[in-house]
Amino acid sequence: MFLDCFAERFQKAGYPRYEADTVVQAADYSDAITYVSILSEDVDASRIAVWGTSYSGGVVLRVGAVDRRLKAVISQLYKLVYDDRATRVTGKKPGEIPVVDPMLFGTAALPTLESHKWYTEVGKKNAPSWVNSVTIQSIFNVWGNEPVSYAPLVSPTPLLMLVAEKDVLCGTDLQLEALQRAKEPKQLALLRDGTGHFDCY
């Protein structure tokens, strides 16, 4: 969402449109860290932090667990945890499902009413070319992403987790469990007053 020109370039290079892959995204973070720490004269390499929100909030836990160049990790509202591989092998178009659905727990990658409301309102206003679709493989990739297992490995890099008090999409309790498993130094910023997953956007 909001990066149509980049998505078009990747699609022309042969990457499937509407696909998310945790492993690739984590590698992209590390590539960006390499770039800014070595190739950019304007960045102090001793002060690099990563930030991720929702799905990427889980990705940064993975990055923080393995990339020791980081000085801090900020994980905001991370997403926890179908397969059409035979279709792909035969060269057919990857299967897709909607990102959101107007029915509570309908067939969608993000099956909550809060998700549907935010994506459709923001999409209409700020990203008119956004398509309500994601590959089935993306769902499979999300299922294999367990940020909780990386949380204890982020240390000794400082970890800040921003958790919404009423996050029905990612589960407030699951995020707090990840923070509990994380080792020091760590800090919680609990977004109170009934804050849901999309309220901070």
Worksheet item: Is there side-chain contact between V73 and V63, with at least one heavy-atom pair below 4.5 Å?
Response: no
Item to complete: Measure from the side-chain N and O atoms of D101 to the backbone N and O of H116, and report whether any donor-acceptor pair falls under 3.5 Å.
Response: no
Worksheet item: CG of L188 to CG of L159: how many Å apart, nearest 0.5 Å?
Response: 10.0 Å
Worksheet entry | Check: S37 side chain, A45 main-chain N or O, donor-acceptor pair, under 3.5 Å | no
Item to complete: Taking side chain to side chain donor-acceptor pair (under 3.5 Å) as the test, write out the residues that go with S30, two or more places apart.
Response: D67
Item to complete: List in chain and number order the residues that pass side chain to side chain donor-acceptor pair (under 3.5 Å) with T195, two or more places apart in sequence or in another chain; answer none if no residue qualifies.
Response: none
Discussion item. For a side-chain contact (heavy atoms from CB on, under 4.5 Å) check, start with the C-alpha distance between V23 and R62, then their side-chain angles and the critical distance, and finish with the verdict.
Written reply: CA-CA 9 Å; V23 174; R62 183 182 194 126; 3.5 Å; yes
Worksheet item: What pairs with R68 under side chain to side chain donor-acceptor pair (under 3.5 Å), at least two apart in sequence or on another chain?
Response: T157
Worksheet item: Any donor and acceptor pair, going by atom type alone, linking the side chain of T172 with main-chain N or O of E165 inside 3.5 Å?
Response: yes
Discussion item. Has Q175 got a side-chain atom pairing as donor or acceptor with V163's backbone, closer than 3.5 angstrom?
Written reply: no
Worksheet item: So, does N126 use its side chain to make a donor-acceptor pair with the main chain of G123 at under 3.5 Å?
Response: no
Response to the item:
So side chain to side chain donor-acceptor pair (under 3.5 Å) across residues 179-188, not counting sequence neighbours, yields E177-R181
Practice prompt. Applying side-chain contact (heavy atoms from CB on, under 4.5 Å), name anything that partners E114, two or more places apart in sequence or on another chain.
Written response: T112, V168, H197, F198
Item to complete: Answer whether the closest heavy-atom distance between the side chains of Y29 and V60 falls below 4.5 Å.
Response: yes
Worksheet item: Could you give the distance from CG (L110) to CG (L113), rounded to the nearest 0.5 Å?
Response: 12.5 Å
Discussion item. Which residues pass the salt bridge (Lys or Arg N to Asp or Glu O under 4.0 Å) test with D21, not counting sequence neighbours?
Written reply: none
